[in-house]
Chemist: 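Below is a structure I'd like to ask you about.
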Amino acid sequence: RAKAHQRSSHSYFTVDMGVEIRERVRMMHALRAAFENERLFVVYQPQIDMRTQSPVGAEALLRWKNEEGQFVPPDQFIPIAEYSGLIVDIGEWVLRSACFELIHLHNLGFTDFKMAVNVSQAQFSHPLFLQSLERALTDTRAPANCLELEITESMAMNDPEMLIKTLHHIKQLGVQISIDDFGTGFSSLSHLQKLNVDKLKIDRAFVNEINDKSGEGSIAKMIVQLSQSLNIKVIAEGVETKLQADTLMGFGCHLAQGYLYARPKTQLDLRAWLAQGPDHWRLN
Ligand code: C2E
Ligand code: MG
Ligand code: MG
Ligand code: MG
């Protein structure tokens with residue numbers, strides 16, 4: 001994005017915009033075709049209790065391999081799916097896929113395993129969202145308290161009243177709510193308290209600040225303290241180093257997701273990885 005912006009400052013902005021819009025429309029058609037032809041798939045990134053180094057759950061993440069065989073990053077195609085409304089159907093399919101996988105893992109013996117699913121604003125504010133959530137739970141028989149929906153702070157800013165009402169219904173089902181990328185969205189702390197969420201996910205950017213150059217991770221520390229005073233759970237995203245894991249544990253954050261422990265895995269790879277057991281999961 002920075003690059004495009006630089007370029008547009010010394011060329012014709014409208015010309016660049018035109019190309020960009022055409023490209024977006026092309027991508028939207030390709031994404032719809034990929035969805036209809038079942039060429040999207042879901043991967044699962046384990047979430048770890050750092051104290052035992054054992055997986056306690058996973059986050060479902062959407063993947064798209066295009067006609068040329070290349071992966072299109074979600075950060076590129078999710079906004080297009082949102083903008084075009086495609087996210088409503090695609091998101092419902094991700095939710096159902098994740099619930100089926102959750103129950104499969106429970107049946108394999110990982111009975112406390114949790115599943116987190118990202119939910120966009122457009123899905124959340126759709127009149128049929130609650131119905132599709134209930135249907136996913138009854139059709140798959142996934143226990144609601146093992147399902148967690150990840151929303152973002154900006155959703156709290158757009159329409160807090162709608163959000164509070166929807167969250168209330170979701171919580172009545174027993175489904176958990178977490179706030180993704182926490183700390184990047186400038187939502188107010190009073191909102192946060194009213195939303196009554198179950199978990200904060202510390203954004204990767206703040207975990208990144210824990211390094212041996214200068215970083216102590218003061219924002220990550222503050223988010224952990226905030227979660228403690230609100231009496232809710234906290235998980236760190238994008239944990240890549242032992243230093244980050246140890247520092248976060250020192251702050252009192254025990255849950256983590258990141259390449260240090262595990263990358264996102266296909267359904268079959270996740271099952272195989274889980275089956276390998278503790279000796280395989282643990283770091284040296
Ligand atoms: P997110 O929900 O914050 O997901 C975490 C992202 O961080 C994932 O990127 C994951 O692969 C990446 N990640 C995890 N650990 C590490 C690490 O140690 N280092 C680094 N560098 N990255 C790490 P991914 O899969 O590319 O997804 C990007 C974003 O796309 C997600 O961010 C989420 O906002 C969105 N997204 C993905 N799948 C879905 C979906 O099914 N529905 C919706 N609405 N959004 C989705
Ligand atoms: Mg997420
Ligand atoms: Mg995140
Ligand atoms: Mg993100």
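Read the numbers this way: they start at 1 and go in the same order the structure lists the ligands and their atoms. What you are looking at is a predicted structure, and each value in this text was computed from that prediction instead of being measured.
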Chemist: Could you check whether atom CD of Q228 has more than 12 heavy atoms from other residues, nucleotides or ligands sitting under 6.0 Å from it?
Modeler: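 More than 12 heavy atoms, drawn from other residues, nucleotides or ligands, come within 6.0 Å of this atom.
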
Chemist: Heavy atoms only: which of V239, L40, L95, D75 lies closest to atom 29 (C) of ligand 1?
Modeler: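 Shortest heavy-atom distance from atom 29 (C) of ligand 1: D75.
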
Chemist: Do side-chain atoms of Q244 reach the backbone of V207 as a donor and acceptor pair under 3.5 angstrom?
Modeler: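 Yes: the side chain of Q244 pairs with the backbone of V207.
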
Chemist: Is it the side chain (CB and beyond), the backbone, both or neither of P264 that lies under 4.0 Å from ligand 1, heavy atoms counted?
Modeler: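 It is the side chain that touches ligand 1; the backbone stays farther off.
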
Chemist: Do the side chains of K165 and E161 get close enough for a salt bridge, i.e. N-O under 4.0 angstrom?
Modeler: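 E161 and K165: not salt-bridged.
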
Chemist: Is there any N or O on L62 that sits under 3.5 Å from an N or O of ligand 1?
Modeler: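 Yes; the residue has a nitrogen or oxygen that sits under 3.5 Å from a nitrogen or oxygen of the ligand.
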
Chemist: Return a yes/no value for Q257: is any of its N or O atoms, backbone included, closer than 3.5 angstrom to an N or O of ligand 1?
Modeler: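 Between Q257 and ligand 1, no N or O pair is found under 3.5 Å apart.
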
Chemist: With only distance considered, is E82 within less than 3.5 Å of ligand 1 through an N or O on each side?
Modeler: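 Checking ligand 1 against E82, no N or O pair falls under 3.5 Å apart.
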
Chemist: Atom 30 (O) of ligand 1: which of G91, P74, A122 has the nearest heavy atom?
Modeler: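 That would be P74.
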
Chemist: For E38, does the CD atom sit with more than 12 other heavy atoms under 6.0 Å from it, leaving out its own atoms?
Modeler: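 At most 12 heavy atoms, drawn from other residues, nucleotides or ligands, come within 6.0 Å of this atom.
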
Chemist: Heavy atoms only: which of I151, T152, T241, N118 lies closest to atom 43 (C) of ligand 1?
Modeler: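 Checking each option, the heavy atom nearest atom 43 (C) of ligand 1 is found in N118.
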
Chemist: Charged N to carboxylate O under 4.0 angstrom, E67 versus R39?
Modeler: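 Yes, charged N to carboxylate O under 4.0 Å.
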
Chemist: Which atoms of ligand 1 have any heavy atom of V94 under 4.0 Å away?
Modeler: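 It comes down to these atoms of ligand 1: 41 (O).
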
Chemist: Does E59 have a non-hydrogen atom less than 4.0 Å from ligand 1?
Modeler: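 A heavy atom of E59 does come that close to ligand 1.
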
Chemist: Taking salt bridge (Lys or Arg N to Asp or Glu O under 4.0 Å) as the definition, give me every residue that meets it alongside D269, ordered by chain and number, with sequence neighbours left out.
Modeler: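 By the salt bridge (Lys or Arg N to Asp or Glu O under 4.0 Å) rule, D269 matches no residue at all.
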
Chemist: Please round to the nearest 0.5 Å and tell me the distance separating atom CG of L255 and atom OG of S178.
Modeler: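 Those atoms lie 11.0 Å apart.
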
Chemist: Given the Mg ion (ligand 3) as the apex, I'd like the angle to OE2 of E237 and OD1 of D180, rounded to 10 degrees.
Modeler: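 Computed angle, vertex at the Mg ion (ligand 3), rounded to 10 degrees: 90°.
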
Chemist: State which residues pass side-chain hydrogen bond (donor to acceptor under 3.5 Å, both in side chains) with R204; sequence neighbours excluded, sorted by chain then number.
Modeler: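 Applying side-chain hydrogen bond (donor to acceptor under 3.5 Å, both in side chains) to R204 gives none.
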
Chemist: In terms of side-chain geometry, is the basic nitrogen of E148 or K114 positioned less than 4.0 Å from the acidic oxygen of its partner?
Modeler: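 Between K114 and E148 there is no salt bridge, as every charged N stays at least 4.0 Å from the carboxylate O atoms.
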
Chemist: Which residue from L61, L260, D203 reaches closest to atom 37 (C) of ligand 1 through any of its heavy atoms?
Modeler: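 Looking at heavy atoms only, the winner is L61.
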
Chemist: Please indicate whether H191 has more than 12 foreign heavy atoms, meaning atoms of other residues, nucleotides or ligands, lying under 6.0 Å from its NE2.
Modeler: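 Result for NE2/H191: enclosed.
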
Chemist: Please name the atom of D181, limited to N, O or S, that comes nearest to the Mg ion (ligand 3).
Modeler: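 That would be atom OD1.
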
Chemist: About how large, to 10 degrees, is the angle OE1 of E150, then the Mg ion (ligand 2), then OE2 of E59?
Modeler: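 Centred on the Mg ion (ligand 2), the OE1/OE2 angle is 90° (to 10°).
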
Chemist: Run the numbers for me: atoms of ligand 1, each under 4.0 Å from some heavy atom of E240, listed by number.
Modeler: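 Counting atoms of ligand 1 from 1, those under 4.0 Å from E240 are 17 (C), 18 (O), 19 (N), 20 (C), 21 (N).
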
Chemist: Under a 4.0 angstrom heavy-atom cut-off, which atoms of ligand 1 come close to G258?
Modeler: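 Counting atoms of ligand 1 from 1, those under 4.0 Å from G258 are 15 (N), 18 (O).
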
Chemist: Heavy-atom contacts under 4.0 Å between D180 and ligand 1: side chain, backbone, both, or neither?
Modeler: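 Side chain only.
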
Chemist: If the threshold is 4.0 Å, N to carboxylate O, is there a salt bridge linking E101 and R271?
Modeler: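 Yes, this pair counts.
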
Chemist: Give a yes/no verdict on whether any heavy atom in R263 is under 4.0 Å from an atom of ligand 1.
Modeler: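 Contact absent.
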
Chemist: Taking 4.0 Å as the limit for heavy-atom contacts, which would you say applies to E237 with ligand 1: side chain only, backbone only, both, or neither?
Modeler: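 It is the side chain that gets close, since no backbone atom is under 4.0 Å.
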
